[in-house]
Structures are given as C-alpha cells and as structure tokens.
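Below is one structure, written out as structure tokens; the observations come after it.
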Amino acid sequence: MEEKVLHKSKNGMAMLLLTLFLYAAALAAAIVGAITGLSEEGPQSPVGIAFFVLGLLFLLFGWILFCGLVVLRPQEAVVLTLFGKYIGTLKEEGFYWMNPFCSALNPAAETKLKQSGDVDGSSGINRFNLSSGGQNIQLSGSGSGASKKISLKIMTLNNSRQKINDCLGNPIEIAIAVMWQVTDTAKAVFNVDNYKEYLSLQCDSALRNIVRLYPYDVAENVDTTGDGMADEGSLRGSSEVVAKRIKEEIQGKVEQAGLEIVEARITYLAYAPEIAAAMLQRQQASAVIDARKMIVDGAVGMVEMALSRLSEKEIVDLDEERKAAMVSNLLVVLCSNRDAQPVVNSGTLY
C-alpha cells in the first residue's frame, strides 16, 4: 500500500458559511412555502408546496454537509476512505471540506500506550486494560472520545522493565525508551492491524534478542559482535552500542508498518533481585583484588627504586641477606592496610 498525499484547497470556511446560508434559505423557503402553498384560506400554490418540501428536506438532511469539514493542526494527518477504498491522506494543516461520505480511518485511535501523546481527556467512556508484552495498553469502550487523526509528531514509548537472561544466563532487569514517529500513514493503517500494539510487541522482541547477546559486565571468551572473536562488549559498559543495535533491530521490524525509530535509549539496567546481592559481593571481591594488585605493583616498584638509589649513591653496602630483610620490611609497610608500628633496632642483624 502506497501513501497518496492529497493537495486539496482549504475551502472549509467557505463551505461552512455556504452551508449556514443554505440552512437560513431553506428555513425561509419552508416558512414561505408553508404560508403560500399550504394556506387553507386561498388557493394552494404548487410553487409554494415545492418550496416547502425542498426547504424541509434540506433542514432534515443538510447536516450531512457538516460531516465533510476537517480541521488539521500542524503535524497531524487523516487517512480518508470512500466506501472502503483508500482515496488519500491529508497532511497539511488547515480547514478543509471533503466528500461528507468519506470516513477517517485510524485503528489505533483508542489504543493508549504508556507513552507521550496518549493523554485521554474524554469522559464517560468505559475502559479496560490489557497487557501486551512489556506495555500496558488501554482500550476505550466507545469510539466517541477517540480522534481519528494520526499524529506525525515524535513520540516517546517508555518500555516497562523486563526480566531477561543475558548471554551468561544471569537474570537482569532492563527498560528502554523508544522515540518514534509515523512516516507513512497508509502503511501504518492498512499494513498492520494496530500500529501502536505492533510497535510495542516489536520493541519487546527486539530488546530480548539484543540483550541475550551481551553479558551484564565484561566477561572472558564472549563474542557479542558475531565475528567469531572475543570482545569486551557488555550491557553496562557498551550502552551506546547496545542502544544502537536495539534501534536497528526495531527499525527493521516496523519498516512495513510505516514507522521510523528516531532513537532508543536504555533507561534502567540492574541485576534481578534474586542475584543482585551475590553479584554485588562478586563485584566487591573483584574490586578488592584489583586494588591489591595495584598496591603490590606500586610497592615492588618503590622497593626497586629504593635499592637502586642506595646502590648508586653508595650510602650503605648491603649484602643479599640485608637486602632481603629490607625488601621484606618495605613490602610489609607498603602493602599493609594498617599503619606500620615503628620498631627501633638497637643491635645488629647478626
């Protein structure tokens, strides 16, 4: 289905004034016709009867002309069908008059996702909720409060938190925000049953497909790019890359629905509660080991520098046993996690 953009003249105000004038004329014709054509005192005039009938018919059915009035604001569109046939889409803002038998079509008008742009100001409408993937979708029980216009603005879909296993099997909780907009109204309306529900389900599916390729943190022997070589990709450290892949995955699936994914961002990322404590201990242990390793490397360098300076300046001549004792004492002082207690040696090493 290809989109056909209609370039109609903005004649809505002229048709509104003309319809009101015709209503006034029909009312006057009905009154004059009733007086002249249906009078019991004088001869009945066929012309008066005709005026009365025509005026009465217009008063009864003239309201149909008002059904052709369409007002579009910036970044809005309306898909028009005539007796089931797609005739085109109005996209430019203005006040239009269309064939009153044309009907606007928007199957997602009553679908309320947890996103921007879905603010329902109608009242007196029964609603019920249903769950679609990670989203809460709200449907109204009556179509009177839902607009058939399609918004072309960029909207933000806040995907609810989902529990997904990463590539190592660890359960994590993750949520994303997807910025999207409708680019092809014909595809959005006719290619899928409900483009908002379709987008929500595809976001859930794409998120699961991409997250399963990455570990939460950097792990050894893990290939996240698919090139057969281990890399350092992770959900925590490569959030920009992960978000880009999620966006591309969603875009590939919603292309046929006439939607464009502008951006996708990770808004929440954490281990699932059942393993969060264990993973925190693991991270703390890893941090302690890394810190100790850095301390030992620095201490060895300082000891080496001390021995080298003492030897160069010939301050003291140390044999191998004394060097070993000095190295032991320096390492104890430098690597200890407590302040060293000085001990004064009044004797000798022998």
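Numbering of residues begins at 1 and proceeds along the displayed sequence. Below, each value reflects all heavy atoms present in this structure, side chains not excepted, and no hydrogens, waters or symmetry copies. All values derive from a computational prediction rather than experimental measurement.
- Looking at L199 and L259, their side chains come closer than 4.5 Å, going by heavy atoms from C-beta outward.
- T156 contributes atom OG1, which lies 11.0 Å from atom CD of Q181 (distance to the nearest 0.5 angstrom).
- Here the closest heavy-atom approach between residue C67 and residue P100 is recorded as CB-O, 4.0 Å.
- Separation of atoms CZ (R208) and CD1 (I246) is listed at 12.0 Å; rounding is to 0.5 Å.
- Shown here for K196 and W180, the closest heavy-atom pair between the two residues is CG-CH2, 4.5 Å.
- Contact annotation: the side chain of N158 never approaches that of T267 to less than 4.5 Å [non-hydrogen atoms, C-beta and beyond].
- Linking ILVMFWY residues whenever their side-chain heavy atoms come closer than 4.5 Å, directly or via other members, leaves M294 and V303 in distinct clusters.
- The existence of a salt bridge linking K91 and E3 is confirmed by a sub-4.0 Å separation between a basic side-chain nitrogen and an acidic carboxylate oxygen.
- In this structure, CG in L168 is found 5.5 Å from CG in N170, a value given to the nearest 0.5 Å.
- Here the CD1-OG distance, from I176 to S160, works out to 10.5 Å after rounding to the nearest 0.5 Å.
- Qualifying side-chain hydrogen bond (donor to acceptor under 3.5 Å, both in side chains) partners for D227, counting only residues two or more places apart in sequence or in other chains: T225.
- At most 12 non-hydrogen atoms from other residues, nucleotides or ligands lie less than 6.0 angstrom from CD of E304.
- For S103, the side-chain hydrogen bond (donor to acceptor under 3.5 Å, both in side chains) criterion is met by T81, not counting sequence neighbours.
- Not a single side chain to side chain contact (heavy atoms under 4.5 Å, CB included) links A243 to another residue, sequence neighbours left out.
- The side chain to side chain donor-acceptor pair (under 3.5 Å) pairs that include a residue from residues 232-243 are D217-R236, E240-R265, where partners are two or more places apart or lie in different chains.
- In the hydrophobic clustering of ILVMFWY residues, with side-chain heavy atoms under 4.5 Å counting as a link, L59 and L20 come out together.
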Exercise. Tell me, with the steps shown, if L90 and V5 meet side chain to side chain contact (heavy atoms under 4.5 Å, CB included).
Key: CA-CA 6 Å; L90 283 176; V5 180; over 6 Å; no
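- A continuous path of hydrophobic side-chain contacts links L65 to L27 [ILVMFWY only; heavy atoms under 4.5 Å].
- Residues V189 and P107 have side chains in contact (heavy-atom distance under 4.5 Å, counting atoms from C-beta outward).
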Exercise. Dump the intermediate steps for salt bridge (Lys or Arg N to Asp or Glu O under 4.0 Å) on E274 and K163, then the final yes or no.
Key: CA-CA 11 Å; E274 56 265 27; K163 185 181 292 186; 3.4 Å; yes
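- Paired with C167 under the rule side-chain contact (heavy atoms from CB on, under 4.5 Å), one option of L213, L235, T224, V222 passes, and it is V222.
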Quiz item: So L207 and I164, side chain to side chain contact (heavy atoms under 4.5 Å, CB included) or not? Walk me through it.
Solution: CA-CA 9 Å; L207 180 62; I164 307 173; 4.0 Å; yes
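- For L54, there are no side chain to side chain contact (heavy atoms under 4.5 Å, CB included) partners two or more places apart in sequence or in a different chain.
- Counting only residues at least two apart or on different chains, no side chain to side chain donor-acceptor pair (under 3.5 Å) pair has a member in residues 50-71.
- Here the side chains of F95 and L16 are in contact, with some heavy-atom distance below 4.5 Å.
- In terms of the side-chain hydrogen bond (donor to acceptor under 3.5 Å, both in side chains) criterion, residue partners of Q256 (sequence neighbours excluded) are, by chain and number, Y198.
- Among all heavy-atom pairs drawn from L6 and G88, the shortest one is CG-CA, 3.7 Å.
- Residues V78 and A104 share a closest heavy-atom pair of CG2-CB, 3.4 Å.
- Residues N165 and R212 share a closest heavy-atom pair of O-CG, 3.6 Å.
- Between E260 and T183, the side chains place no donor N or O within less than 3.5 Å of an acceptor N or O (distance only, hydrogens not considered).
- The same ILVMFWY cluster, assembled from side-chain heavy atoms under 4.5 Å apart, contains both M13 and W97.
- Qualifying side chain to side chain contact (heavy atoms under 4.5 Å, CB included) partners for E76, counting only residues two or more places apart in sequence or in other chains: L72, R73, K149.
- The distance from the CG atom of N106 to the CG atom of N194 is 8.5 Å, given to the nearest 0.5 Å.
- Residues passing the ring pair (Phe, Tyr, Trp, His ring centres under 6.0 Å) test with Y216 are Y271, sequence neighbours excluded.
- Applying the side chain to side chain contact (heavy atoms under 4.5 Å, CB included) test to L82 and every residue at least two apart in sequence or in another chain returns I87, N99, F101, C102.
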Practice problem: I would like to know whether M155 and M179 meet side chain to side chain contact (heavy atoms under 4.5 Å, CB included); could you show each step before the answer? | Solution: CA-CA 6 Å; M155 293 185 286; M179 278 62 79; over 6 Å; no
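- Y214 and Y268 fall into different hydrophobic clusters, where Ile, Leu, Val, Met, Phe, Trp and Tyr side chains are chained together by heavy-atom contacts under 4.5 Å.
- Between the NZ atom in K253 and the CD1 atom in I261 there is a gap of 12.0 Å [rounded to 0.5 Å].
- Shown here are the side-chain hydrogen bond (donor to acceptor under 3.5 Å, both in side chains) partners of N191, two or more places apart in sequence or in another chain: there are none.
- The environment of K4 atom NZ is dense: over 12 non-hydrogen atoms of other residues, nucleotides or ligands sit within 6.0 angstrom.
- Between N159 and V178 the shortest side-chain heavy-atom distance does not fall below 4.5 Å.
- Side-chain atoms of T111 and E197, non-hydrogen and from C-beta on, do get closer than 4.5 Å to each other.
- For residues 9-26, the side chain to side chain donor-acceptor pair (under 3.5 Å) pairs, not counting sequence neighbours, are K10-E92.
- The heavy-atom pair separating F52 from A30 by the smallest distance is CD1-O, 3.2 Å.
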